[in-house]
Peer 1: 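Once you've had a glance at the structure underneath, I'll fire off some questions.
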Amino acid sequence: MTMLNVGRPTRPEGAAESAGHASLTGGRGLLQDEPLIFELGGWRKTGVDLAAPAQDASDLGDLVRNEPIGLPGLSEPEAMRHYVRLSQKNHAIDLALYPLGSCTMKHNPRLNEKVARLAGFADLHPLAPQSTVQGALALMDRLAHWLKTLTGMPAVALSPKAGAHGELCGLLCIKAAHEANGQGHRRTVLVPTSAHGTNPATAAFVGYSVVEIAQTEDGRVDIADLAAKLSPDVAAIMVTNPNTCGLFERDILEISRLTHEAGAYFYCDGANFNAIVGRVRPGDLGVDAMHINLHKTFSTPHGGGGPGAGPVVLSAALAAHAPAPWVVSGPEGLRLVEETVDEAAQGFGRMSAFHGQMGMFVRAYAYMVSHGADGLRQVAEDAVLNANYVKARLSPVMTPAFPDGPCMHEALFDDAWLEGTGVTTLDFAKAMIDEGFHPMTMYFPLVVHGAMLIEPTETEPKQELDRFCEALIALAHAAKAGDADRFKGAPYLAPMRRLDETLAARKPKLTWRRGDNGVAPAPLAAE
């Protein structure tokens, strides 16, 4: 029985019977059973030939190694097969629909990747003389132009490296603006319950106190509660629009008016901009700052730790407080403004050491140019159409959290339809893995009990949406028919079985130590 050091067994007794029969090797058809790279052996060999080191290592001092390095030696075929086999154990957008709600896991056009690999962009060094990188600066300038045009905002900071980094940038701009206006006493940020979870975390990181704004029964900001909590101490409100319930804030103009009348700034979480790009300009809604996750709206590889990009567009009220650097045009061509003090601006400094993530800039700009204005508008229209199609197909067997009216880019269901079945949201999601689909986002947003948040994105064809919906409809019928065994032990067909997720999150096994597999590696054989 294979065990992890966390939670329950990954392959409990009886798992093979539930899957039909067991193989002799542990593999499933063409999917190979693959151990850790440290368990593959090869401790007495190396995959490359290296020249003998110089005998005199006195210049290394106490850094001279006196024991084996403790890494297995693999040939190129062994290393290649290992990582390919591991890749086959993961779901990917190139395999099937990736329905994570509020994450926009959509297809990344290969054209974007090809352009980003052009030598002038891929080999660019951040310290290269600016006179030698005029093409890269021109691309940044054009990207900034289109981000401002699409949002109706006069300024943009390109350097933030992710959505949460963009939130930090926006709030630092707001803080700088208040301090410049003699309003540094404003230390509170209002955050609706339907906002992304990073919003209150970012506000707290900046040093603000966070006050929650209630949500109405139909999933929008409670205007009365907002009006009651606005005060001279409020610095900003952070609203996700469309919000995490997949709904457009129809009172967005009133939210903006109340916020500005109270002397506060309006921060909009633009993570869901893909649902309105080309259709709505946030600047027209009274937004003062908004980050844009380029991977979600303009199709660059998703985050997961980077490299990412989260540019922040700013209103006229905050433009002077934008962080360096930014691109300007002069007699000698384009250049980066590196120090805000030199330009008599009131920016708070820098968000990162250099100019941002050039690879993501190239991909996003290629996406914009290849789509054009009409194509970007269709991105939003198709994203909303696909989500409403999923909602319509699944609503007869699952309960939509907000059934009245259409949704935006994602369809949200609760777990009311599972009552009395003995099946939970987690069980249902795990059973989806056996059907070949990555689970949707579970238990989020927190305002919906047992939430199941599905975002199909605009890049999915109807045929794939039907395949996905038919699988969920079949699972829903099985759950209501009392087939609890199908769900409680799921997934049965995945490479690893279900873990105790709480224990796995709190006590993860992240390292491999010598002897973990019962075999102590021997020193490399001397030649």
Side-chain angles (χ1 to χ4, degrees), residues 100-104 151 157 160-175 177-178 186-216 219-223 225-226 229-230 233-249 251-252 255-256 258-259 262 264-276 282 285-297 303 308 310-315 318 351 408-410 412 441 443-448 451 453 455:
L100 283 179
S102 204
C103 282
T104 317
T151 59
K161 299 295 186 65
H165 204 213
E167 292 173 18
L168 178 63
C169 175
L171 286 186
L172 289 176
C173 289
I174 289 172
K175 183 179 179 181
H178 280 310
R186 293 179 178 267
R187 306 301 303 163
T188 301
V189 170
L190 306 182
V191 181
T193 57
S194 58
H196 278 134
T198 50
N199 289 179
T202 302
F205 185 81
V206 176
Y208 287 120
S209 298
V210 178
V211 174
E212 188 174 87
I213 302 298
Q215 175 177 295
T216 61
R220 274 92 172 179
V221 172
D222 188 321
I223 297 296
D225 192 49
L226 167 62
K229 291 176 178 175
L230 282 168
D233 186 52
V234 173
I237 181 173
M238 302 181 78
V239 176
T240 303
N241 189 43
N243 66 29
T244 312
C245 297
L247 304 171
F248 191 86
E249 293 287 351
D251 295 320
I252 194 75
I255 292 172
S256 172
L258 291 172
T259 300
Y265 291 105
F266 183 5
Y267 186 94
C268 183
D269 185 312
N272 299 333
F273 186 50
N274 63 298
I276 60 175
L285 305 178
V287 170
D288 291 302
M290 185 183 82
H291 76 266
I292 304 172
N293 300 64
L294 293 188
H295 62 270
K296 299 184 70 172
T297 301
V312 177
V313 288
L314 301 167
S315 68
L318 295 180
M351 287 300 297
M408 291 297 289
H409 59 300
E410 52 197 0
L412 177 60
T441 294
Y443 301 116
F444 183 78
L446 301 178
V447 293
V448 172
L453 186 60
E455 182 177 5

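Numbers here simply count residues along the sequence, with the first being 1.
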Peer 1: Kindly say whether V234 contributes a backbone atom to a donor-acceptor pair with the side chain of R186 at under 3.5 angstrom?
Peer 2: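 Flag set: sc R186 to bb V234 pair under 3.5 Å.
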Peer 1: Under 3.5 Å, side chain of K296 to main-chain N/O of A271, donor-acceptor pair present?
Peer 2: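 Yes, K296 side chain to A271 backbone: donor-acceptor pair under 3.5 Å.
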Peer 1: Which one of N241, N243, T240 satisfies the side chain to side chain donor-acceptor pair (under 3.5 Å) criterion with E249?
Peer 2: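 Considering N241, N243, T240, a side chain to side chain donor-acceptor pair (under 3.5 Å) with E249 is found only for N243.
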Peer 1: Counting N and O atoms only, with roles assigned by atom type, does the side chain of R187 sit under 3.5 Å from a partner on the main chain of D233, one being a donor and the other an acceptor?
Peer 2: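 Here the side-chain-to-backbone pair does not exist.
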Peer 1: Does the pair H196 and N272 meet the rule for a side-chain contact (heavy atoms from CB on, under 4.5 Å), with working shown?
Peer 2: CA-CA 10 Å; H196 278 134; N272 299 333; 3.9 Å; yes
Peer 1: Tell me yes or no: between the side chains of E455 and S102, is some donor less than 3.5 Å from an acceptor?
Peer 2: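 No.
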Peer 1: Look at the side chain of T244 and the backbone N and O of S194, then say whether any donor-acceptor pair between them is shorter than 3.5 Å.
Peer 2: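 Indeed, once roles are kept as given, a pair shorter than 3.5 Å links the two residues.
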Peer 1: Could you tell me whether the side chain of T441 and the main chain of G101 form a donor-acceptor pair under 3.5 Å?
Peer 2: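 Yes.
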Peer 1: Restricting to non-hydrogen atoms, name the atom on M290 and the atom on F273 that form the minimum distance, rounded to 0.1 Å.
Peer 2: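 Looking at all heavy atoms of both residues, the closest pair is CE-CD1, 4.1 Å.
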Peer 1: Report yes or no: does D288 contribute a side-chain atom to a donor-acceptor pair with the main-chain N or O of Y265 at less than 3.5 Å?
Peer 2: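 Such a contact is absent between D288 side chain and Y265 backbone.
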Peer 1: Any side-chain heavy-atom pair from F266 and I252 closer than 4.5 angstrom?
Peer 2: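 Heavy-atom side-chain distance check passes, below 4.5 Å.
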Peer 1: Evaluate the criterion side-chain contact (heavy atoms from CB on, under 4.5 Å) for residue pair K175 and V206; output intermediate values, then yes/no.
Peer 2: CA-CA 9 Å; K175 183 179 179 181; V206 176; 4.1 Å; yes
Peer 1: Counting only N and O atoms by type, is there a donor-acceptor contact under 3.5 Å from the side chain of K229 to the main-chain atoms of E212?
Peer 2: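 Answer holds: yes.
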